[in-house]
Amino acid sequence: PNIMNNNNPKSMKMRILFTVILIAMIMGAYAQKASMTLTFTADSNNQHVPLNSILIENLTQGGDTTLYAPDTTLVLDYITGMQEISSKGSNGFSLSQNYPNPIENKTTIGLYLPEKKGVLVIISDVIGRELLNKEFQLKQGNHSFTFYPGRESFYFLTVKAFHQRQTVKMFNSPNYAYGSGSFKLEYNGQHAVLNEYKSEMNLYNFVYDHGDHLKFTSFTNLGERVITSTPTDAHTYSFHYTGDPCPGTPTITDIDGNVYNTVQIGSQCWMKENLKTTTYNNGTSIPNVTNASTWSNLSSGAYVWYSNNNSWKESFGALYNWYAMVDANGLCPDGWHIPSDDEWTELINYIGHFGLGNELKSCRQVNSPLGGGCNTSEHPRWSEAYVNYGTDDYGFSGLAGGTRDFNGTFWDIGIYTGWWSSTENSPSFAWGRYLSNNLNFVYIYTYPKRDGFRVRCLRD
């Protein structure tokens with residue numbers, strides 16, 4: 001008989017089974033659970049720098065979490081193909097990083113629920129084996145758990161609720177490993193105030209969906225560094241602390257008494273700010289040529305403030321024509337010189353990758369996505385750009401102080417900046433480098449020697 005006959009019970013069962021399998025296949029294809037591991041390191045002049053902590057902020061959805069040393073790995077769980085129900089707003093819940101971490105015999109984990117809900121708590125090891133799977137019916141509010149570890153070095157504690165899952169990574173200190181090798185999870189009950197636990201102040205409803213834009217802030221003994229990224233796969237992020245002052249020369253002073261910070265980038269020691277001196281190094285005054293017509297006919301050294309306004313001095317330094325670069329009276333302080341084009345190339349080669357333009361710019365910019373003091377409309381700063389923004393990874397802190405062209409016209413404050421090299425190209429032109437707010441490159445160009453550019457001195 002035909003078993004696929006509509007009236008045949010076996011046919012009905014087979015069709016139902018086939019439908020269930022088909023739906024499962026479709027759901028499996030469109031709703032895959034996945035995880036992504038992000039690792040963080042830091043260095044200074046190619047030497048490892050210990051990370052004290054890393055703040056991770058979700059710029060797309062809001063929320064943040066913090067990793068504390070020695071934990072430098074973030075595991076993000078997400079759904080691919082089908083969006084999970086968002087935990088933003090009233091449906092959100094918050095799982096806090098355990099404290100202490102590393103675990104000292106036991107550790108406390110906090111959980112906030114916006115309403116009464118059943119939650120599933122899963123503890124697994126580093127290779128994904130489930131060591132505990134337990135459900136709890138919890139009321140709205142703040143709750144805490146105590147975890148006693150076994151002999152594993154790392155544990156992942158995951159809470160599932162409201163169609164979301166949040167995970168914390170817990171490091172087990174060998175000095176405090178639970179002697180019996182067993183482990184357990186105890187529910188401590190409900191608490192009125194979330195900040196009763198230090199750990200609960202470190203994670204504020206951090207939710208992640210694949211494609212979210214994240215901001216990472218590192219904290220070390222050398223200060224802070226910031227990286228923003230939209231991770232799509234496992235990745236290692238390196239925070240560069242090469243913005244350190246030059247060893248033995250944290251500052252220099254010119255003949256006018258202006259003090260400049262220094263920055264070590266690779267093997268080179270640079271001034272961190274643009275030159276401001278109005279006097280050659282031997283005590284001879286540099287002519288301040290404000291008249292545009294006079295400026296356009298010069299064949300000797302001169303300087304000017306942007307728009308003939310000396311209020312720009314502290315923000316951007318002076319604009320010099322190229323003749324001042326090679327004046328026998330000397331422009332830079334003793335032990336320092338105008339960098340050649342080859343020395344500029346050495347700087348660029350040291351950075352050596354696509355983001356070098358933005359990495360040499362100061363982060364001060366209109367509507368900078370880095371936020372904080374980087375997001376500013378007050379000079380000194382860069383004008384807003386649709387894509388590119390300064391990250392100042394190396395401490396060079398380039399700012400858009402504008403230029404004066406060979407006919408005496410001032411241009412592009414907030415948009416553009418250029419620096420001279422000491423290298424001549426022809427009787428009327430010399431080599432320089434420039435940055436622009438909308439471009440992510442350090443451009444090399446030949447400029448008329450009568451142009452007014454900025455100066456960064458380089459240590460001999």
Side-chain angles (χ1 to χ4, degrees), residues 33-42 51-79 84 86-89 91-103 107-114 119 121-124 126 142-145 147 154-172 194-220 224-232 234-237 239 369-372:
K33 287 186 181 295
S35 65
M36 177 167 52
T37 301
L38 307 180
T39 305
F40 303 92
T41 66
L51 287 160
N52 296 330
S53 62
I54 307 105
L55 172 65
I56 299 100
E57 299 172 85
N58 190 323
L59 300 180
T60 302
Q61 299 195 47
D64 58 77
T65 185
T66 302
L67 298 176
Y68 293 93
D71 191 5
T72 58
T73 301
L74 177 70
V75 178
L76 296 170
D77 292 311
Y78 59 93
I79 295 293
E84 290 182 293
S86 173
S87 69
K88 293 180 289 186
N91 287 333
F93 74 98
S94 174
L95 174 66
S96 71
Q97 184 68 46
N98 63 298
Y99 178 79
N101 192 31
I103 301 170
T107 191
T108 300
I109 306 100
L111 174 67
Y112 171 76
L113 296 177
V119 301
V121 179
I122 300 170
I123 298 177
S124 56
V126 72
N142 303 299
H143 305 264
S144 73
F145 299 82
F147 174 62
F154 294 94
Y155 293 93
F156 296 92
L157 186 145
T158 300
V159 174
K160 295 183 178 180
F162 303 100
H163 302 282
Q164 283 282 332
R165 53 188 285 164
Q166 296 187 26
T167 300
V168 294
K169 181 180 179 182
M170 303 184 294
F171 175 72
N172 185 19
L194 184 64
N195 62 11
E196 288 178 357
Y197 296 94
K198 179 179 178 180
S199 60
E200 291 175 335
M201 294 187 288
N202 298 325
L203 179 60
Y204 301 95
N205 195 26
F206 187 80
V207 179
Y208 175 79
D209 290 328
H210 201 240
D212 284 354
H213 192 50
L214 305 182
K215 175 183 175 181
F216 311 114
T217 304
S218 66
F219 298 89
T220 76
E224 302 176 17
R225 291 292 185 271
V226 173
I227 296 174
T228 59
S229 177
T230 305
T232 57
H235 189 76
T236 297
Y237 293 95
F239 298 97
L370 300 182

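What you see is a predicted model; the values in this text were computed from it and never measured. For the single chain, residues carry numbers from 1 onward in sequence order.
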For residues [X] and [Y], report the shortest heavy-atom separation together with the two atoms involved.
| X | Y | answer |
| --- | --- | --- |
| Pro369 | Leu59 | O-CD1, 4.2 Å |
| Thr230 | Gly211 | CG2-O, 3.3 Å |
| Thr66 | Ser53 | CG2-CB, 4.1 Å |
| Asn98 | Lys169 | OD1-O, 3.8 Å |
| Asp64 | Glu57 | CB-CG, 3.8 Å |
| Ala69 | Leu51 | CB-O, 3.2 Å |

Ring centres of Phe171 and Phe154 under 6.0 Å apart?
yes
Residues in ring-ring contact (aromatic ring centres under 6.0 Å, His included) contact with His213, at least two apart in sequence or another chain:
none
Classify the angle between the aromatic ring planes of Tyr237 and Phe40 as parallel (below 30°), tilted (30 to 60°) or perpendicular (above 60°).
parallel
Of all residues at least two apart in sequence or in a different chain, which pass the side-chain hydrogen bond (donor to acceptor under 3.5 Å, both in side chains) check with Asp212?
Asn58, Gln61
Pairing residues for Thr158 by the side-chain hydrogen bond (donor to acceptor under 3.5 Å, both in side chains) criterion, not counting sequence neighbours
Thr167
Side chain proximity check, [X] to [Y], heavy atoms < 4.5 angstrom:
| X | Y | answer |
| --- | --- | --- |
| Met170 | Ile109 | yes |
| Val121 | Leu111 | no |
| Gln97 | Val168 | yes |

[atom1] of [X] to [atom2] of [Y]: how many Å apart, nearest 0.5 Å?
| X | Y | atom1 | atom2 | result |
| --- | --- | --- | --- | --- |
| Leu38 | Thr72 | CG | OG1 | 11.0 Å |
| Phe93 | Gln164 | CZ | CD | 6.5 Å |
| Tyr68 | Ile54 | OH | CD1 | 10.5 Å |
| Ile56 | Ile227 | CD1 | CD1 | 11.5 Å |
| Thr65 | Leu76 | OG1 | CG | 9.5 Å |
| His143 | Ser96 | NE2 | OG | 12.5 Å |

Thr107 side chain vs Tyr99 backbone, donor-acceptor pair below 3.5 Å
yes
